[in-house]
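Down below is the structure, laid out as structure tokens.
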2 protein chains.
Amino acid sequence: MPGPIQSLSRAAAILRLLAGGERRLGLSEVATALDLAKGTAHGILRTLQQEGFVEQDPESGKYQLGAELLRLGQSYLDVHELRARALVWADDLARAAGETVYLGVLHQQGVLIVHHVFRPDDTRQVLEVGSMQPLHSTALGKVLVAYDPVARGELGDGPYESYTLRTLTEAGDVDAECALIRERGWTDSVEETWEGVASIGALIQDRRRNPVGAVCISGPVERVCEDGFVKPSLVASVRSAARAISRDLGAGRF
Amino acid sequence: MPGPIQSLSRAAAILRLLAGGERRLGLSEVATALDLAKGTAHGILRTLQQEGFVEQDPESGKYQLGAELLRLGQSYLDVHELRARALVWADDLARAAGETVYLGVLHQQGVLIVHHVFRPDDTRQVLEVGSMQPLHSTALGKVLVAYDPVARGELGDGPYESYTLRTLTEAGDVDAECALIRERGWTDSVEETWEGVASIGALIQDRRRNPVGAVCISGPVERVCEDGFVKPSLVASVRSAARAISRDLGAGRF
DNA sequence: CCACTGCGGTCGACAATGTCGACCGCCTGT
DNA sequence: ACAGGCGGTCGACATTGTCGACCGCAGTGG
């Protein structure tokens, strides 16, 4: 049966639609957006609701994502081997560097943040686990593109979206950057996505040298950079953390 | 069409199965566990995989939850109105009380943690957003059972699982406790779930006085209690935070 | 006050769809 | 070399999801 199950694909599309739109959506909105008959959309929504994947606001009748998704997302993190092994190293890295640490994996056309260590001793911060970052303009993303052919494929040929004046928007520029990354073994991203923010990232690979994710530190450009370049000491910290996690992954085959 | 969509329910069951088992599961394991033909299970798994809800370890062929779930779970939090309005109050409460703050909603037979503020200035802690707590032995759970008939229904008639010597395991005891909770307007849970941990919780309700969730603070029994009772000042903090969030929910009809 | 329009939800006929169980090739442990 | 398990495929069958018309309701503007 080499065809995807229609009703399931449609259900997934509905979930993604609900995740995308900021506000709740009505039955008809969902049906027209996905070009489904109202009855069909209703059947799927009702099932999703009864499974807890979707909730319905009782007074407006509109639909939104359900709590079960949060629970399952958490379970995903629990099982995630890379994350489990990286937890302690990421913590150490944050402490040593004094900056925020992110751990990301390739997911579709972006980097999914699977771990996030807050900058030590600092103000209120929003947890970004579960959110996505672009491939072509972040340290995590560029590392993955440089080493993972699948990531390079997902990136496409551009031109890519521009976030700041320093964003690389042409495929050629990104590919050149990637060659440099492979040569040096790490990358930076200075104000390529957010003004004032600089990051340093390095690759994590498994026992068979397959790229499986990336770590980075991220912080205000004044603290991460010096004389226009990222501080070598921070680069060293990130690289050694990445190596440590990779080694950890290689060792632990229970 | 008043029947749930079969393939969807089955897919949900598979996801829950994968979430439950700690380790990855093979196709045959999934099929036998849910009493499905292998072909059927395979079709569903393949669709789930291609939608990103499930991933397959390329060498063992076994399945685990996929990254898309994490992303959707995050989106659920983004849309969640209670959580959005409670963020700042929870923060203030944590600072004022000097203890960990949890925000939970009823989900199936438990309390789903939708927000978690770390205890200020303290050691490494694990984020528990997305995890579940029991209804009968935690401050969050007991508050919900006391005020939400649905929660009381989900709880059933017991006997309930015992975690410590102080856990209430009989329906009668819990119901008596709930009457007290309704009278006082708050509850505590001192070493009823975890040894050494005490919590204080209060109800959050929406503009129409429906129970929608609960807040609690949680910390070591030596800090939360005094002379064998929880500190009245902490109770006051929790209750005022709960009122503030409820008021906020009542006001904000965009 | 009442058409009127939009909503969420239901219904039943139809055939497209998902399901089933036998089968295949592969790897692993014996 | 074999047996047994695995993940995966295939094609016939009828169960199952789909479609579009229909329903009652709520809000709205004449």
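Chain A is the first sequence line, chain B the second, and so forth, proteins listed ahead of strands; every chain is numbered from 1.
For Arg10(A), the side-chain atoms get nearest to dC19(D) when compared with the rest of dG17(D), dG21(C), dC19(D). Of the candidates dG8(C), dT17(C), dT9(D), the closest approach to any side-chain atom of Gln6(A) belongs to dT17(C). When each of dC19(D), dG17(D), dT19(C) is scored by its nearest atom to the side-chain atoms of Thr40(A), the top-ranked nucleotide is dC19(D).
For the residue pair Gln56(B) and Gln64(B), no side-chain donor N or O sits within less than 3.5 Å of a side-chain acceptor on the partner.
Tyr63(B) has no side-chain polar atom (N or O) that falls below the 4.0 Å cut-off from OP1 or OP2 of dC6(D). Distances shown here put a side-chain N or O of Gln56(A) below 4.0 Å from the OP1 or OP2 atom of dG9(C). The side chain of Ser28(A) contributes an N or O atom lying less than 4.0 Å from OP1 or OP2 of dG8(C). At the phosphate of dG9(C), OP1 or OP2 sits under 4.0 Å from a side-chain N or O atom of His42(A).
Aromatic ring centres of Tyr63(B) and His42(B): separated by at least 6.0 Å.
Between the C1' atom of dT16(D) and the CG atom of Leu36(B) lies a distance of 15 Å, rounded to the nearest Å. Taking atom CD of Gln64(A) as the reference point, atom P of dG8(C) lies 15 Å away to the nearest angstrom. Here the P atom of nucleotide dG8(C) and the CD atom of Glu59(A) are 14 Å apart, to the nearest Å. Distance, Leu45(A) CG to dG8(C) C1': 11 Å, rounded to whole Å. Rounded to a whole Å, the CG atom of Leu27(B) is 18 Å from the P atom of dC26(C). A straight line from CG of Leu48(B) to P of dG8(D) spans 13 Å, rounded to a whole angstrom. Distance Ile5(A) CD1 to dG17(D) P: 10 Å, rounded to the nearest Å. Arg24(B) has its CZ atom 17 Å from the P atom of dC6(D), to the nearest Å.
For the pair Leu82(A)/Val105(A), a side-chain contact is recorded, criterion being any heavy-atom separation below 4.5 Å from C-beta on.
Judged by atom type and distance alone, Lys38(B) reaches the base of dG8(D) through a side-chain donor-acceptor pair under 3.5 Å.
Place Ile44(B) and Ser60(A) on DNA chain C by their nearest nucleotides, and Ser60(A) ends up nearer the 5' end.
Glu29(B) comes within contact range of no nucleotide atom at all, as no heavy-atom separation falls under 4.0 Å.
Between Tyr102(A) and His116(A), the ring-plane angle classifies as tilted under the 30° and 60° cut-offs.
At distances below 3.5 Å, not a single donor-acceptor pair connects side-chain atoms of Arg85(A) with backbone N or O atoms of Ile245(A).
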